[in-house]
Undergrad: 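What follows is a single structure, and I will ask about it in a moment.
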There are 2 protein chains.
Amino acid sequence: MPDLAAARRVTAVDIAKEVGVSRATVGFVLNNTPGKKISDATRARVLDAAARLGYQPNRAAADLARGRSKIILLVLPGRLLGSSLQASLDESARVLAEAGYALVTQTGGPGGAPPLWETLNPDVVIGWTTFTDDEVASMRLAGVRRIVPRPGESARYDQAPGVSEGARMQVDHLHELGHRRIALASLADSQMLELQRTRAEAAVRRAEDLGMEVVGVRAVAHADGSSADAVRAWAADGVTAIVAYNDDVAATVAGAAIAAGLRIPADLAVIGHDDSPMAELFYPPLSSVRMDTVEAARYLAEVALHEADGRPLTSTWTELDTYVVARKSTTG
Amino acid sequence: MPDLAAARRVTAVDIAKEVGVSRATVGFVLNNTPGKKISDATRARVLDAAARLGYQPNRAAADLARGRSKIILLVLPGRLLGSSLQASLDESARVLAEAGYALVTQTGGPGGAPPLWETLNPDVVIGWTTFTDDEVASMRLAGVRRIVPRPGESARYDQAPGVSEGARMQVDHLHELGHRRIALASLADSQMLELQRTRAEAAVRRAEDLGMEVVGVRAVAHADGSSADAVRAWAADGVTAIVAYNDDVAATVAGAAIAAGLRIPADLAVIGHDDSPMAELFYPPLSSVRMDTVEAARYLAEVALHEADGRPLTSTWTELDTYVVARKSTTG
DNA sequence: TTGAAAGCGATACCAC
DNA sequence: GTGGTATCGCTTTCAA
């Protein structure tokens, strides 16, 4: 079982030999080292030789010499991916790659695999929400130099982007449409319990502020008929609209309502969250809440480069732009 | 803006000094170097000192010295994540971490961010399907030593796990239930066109082998009413069952059918694919096709360690275990 | 404008 | 059993 690359990789020394200059000179032109004046002639010859020999710098050696890894680790809660965020992160990765950084994404939290910051030596770790003290300690031990959000800064979970704001907007939307008696539909056995709870609390608080009645939170379980039961109960209770935890729940509620003979949204309005592809696809199309992931990704790249390279931050962190996408499941 | 870790990191030399042995000895006990007999006493003292000082080996130095990165890169097509695969990969990562390897996952294909193998120097790159020649060339240039599936081995796209087999099982399931006239529902504007096409072809071929009539493939677009139109057309056409590209499409079809007054599955049966959480949640619960991701993840870890460390392969690659989960959308 | 050389920190080979 | 030490490939300071 021979190695694919049995031949020794080409190093900077090879280029130096080929061109007939010192290895240092090679390094200077390859890194565009500022303050070094290299004649255009030699620069060109070096670049040419590098391309011809297929030179690829050795990451380990460079990391060791410069004392940093040029890796940026993004830690996301399990489910946050999947939607449009995925595509947007690709854009962040592209921007970071141009600056020489690799963006590595890790999903899944405690109990899972050991965090990658322990082994990857990332220069920067960026999280969606604040890290626990244990996590921060572990990062420091691993030599992580920059952590975002900054540990110790009072970043509260419910203030993280996409956690509470969307829930409030769901309620506002229903309120504007005249609904005064609503219920929440959540998901049983989810891995995102804290997120669900926080969103639900935010929704209830907003509803009460607006003088709406909230009949309660009902979990739509992964059990046959549970959504049908829920719909019956709501109907009996005079509920006119449902705030769903996400689009899957919204679709389930909508499906069960239609099966029960209710009209959507006339008899029961439903709004989801996340604006997954599903939301637009479903019949009737589901109103949902969307976050501006493009903007988020742009900001992510900016923050990463700020922390890693000291580049200036041109914008400040604001609540992630969040808005309601109104479709037929609420507006008929 | 001071670094979080202004203090120099503790190295093996520090431990050696602390304990009063040579740095080499420290290395031996830290790596459990076989063939070296270290007295239990010094071994204990070294380990203790390492723990006390919070020693973390420097990845870059180790990588450079040993000539490999201990990184395994898994390349997945965009959408394959999200479902249960995510959790299973966590398990692979844990197994690999025990062996000292970091599992990094990259999703998203061409046109996106530059592939991580260019910058991460992974020891092994594992893909779901075969890589293109360009990709393989780029990996070789980057010094990747092992690629799975092996380039050149005639692994055909439609034979990759989860590509065709599931589609055939959807058809078989409907056939067993007595359906003889079916249609396929796919997704317009999807990023997974090749996957959709391949699955559709497999389904059609199987249906024809079984003597079933396939009315055609109809794309359910992200446009209002498109699914309602589709349902009407199918009903007019005498179609009794739908093979949906995935569970989102299945839910959409089911929702539209119910809204059109059809009974599921009596008037129209629907089967999805992937067995997403949605499938079980929906009302009626959706029959779907599930792949054994746990087994896949276990095998992934095994292959990775085989390629990276030369560990023996205890099982052979077989078509990923795939089966139908029958629920009410087909069985009433 | 270019070259020499000192690290970076761990691995592993060879002596003792 | 334990200790030197050359080595990996690149970065970077200091001379020339």
Undergrad: At under 4.0 Å between heavy atoms, how does the protein contact nucleotides 10-16 of chain D? Give one character per nucleotide, 5' to 3', with B, S or -.
TA: BSBBB--

Undergrad: Could you go through R150(A) and E307(A), starting from their C-alpha distance and side-chain angles, then the distance that decides it, and tell me whether this counts as side chain to side chain contact (heavy atoms under 4.5 Å, CB included)?
TA: CA-CA 11 Å; R150(A) 292 263 170 71; E307(A) 294 291 342; 3.1 Å; yes

Undergrad: For the pair made of NZ in K17(B) and P in dG3(D), what is the distance, rounded to whole Å?
TA: 15 Å

Undergrad: Show the nearest heavy-atom pair for residues R68(B) and D123(B), with the distance to one decimal.
TA: CB-OD1, 3.1 Å

Undergrad: For a quick test of reading the model, state the closest non-hydrogen atom pair linking R59(B) to A102(B) and the distance between them.
TA: NH2-CB, 4.3 Å

Undergrad: Would you indicate whether the side-chain heavy atoms of V104(B) and L120(A) approach each other to under 4.5 Å?
TA: yes

Undergrad: Can you check salt bridge (charged side-chain N to carboxylate O under 4.0 Å, His left out) on R298(B) and E302(B), steps first, answer last?
TA: CA-CA 6 Å; R298(B) 193 198 54 67; E302(B) 190 173 301; 3.0 Å; yes

Undergrad: Please check the phosphate of dT1(C) (OP1 and OP2 only) for any side-chain N or O of T25(A) closer than 4.0 Å.
TA: no

Undergrad: Looking at A297(B), is its backbone amide N or carbonyl O close enough to the side chain of S88(B) to form a donor-acceptor pair, meaning the two atoms are under 3.5 Å apart?
TA: no

Undergrad: For the helix from dT1(C)-dA16(D) to dC16(C)-dG1(D), what angle separates the axis at the start from the axis at the finish, each from five pairs, in steps of 10°?
TA: 40°

Undergrad: If you check every side-chain atom of S22(A), which of dG4(D), dG9(D), dG3(C) has the closest atom?
TA: dG3(C)

Undergrad: Between R43(A) and L64(A), just flag the one whose closest nucleotide in DNA chain C comes earlier from the 5' side.
TA: R43(A)

Undergrad: Any chance you could measure L300(A), atom CG, to W128(A), atom CH2, to the nearest 0.5 Å?
TA: 8.5 Å

Undergrad: To the nearest angstrom, how far is R68(B) atom CZ from dT11(C) atom P?
TA: 14 Å

Undergrad: If you look at every heavy atom in A49(A) and E18(A), which pair is closest and at what distance?
TA: CB-CG, 4.0 Å

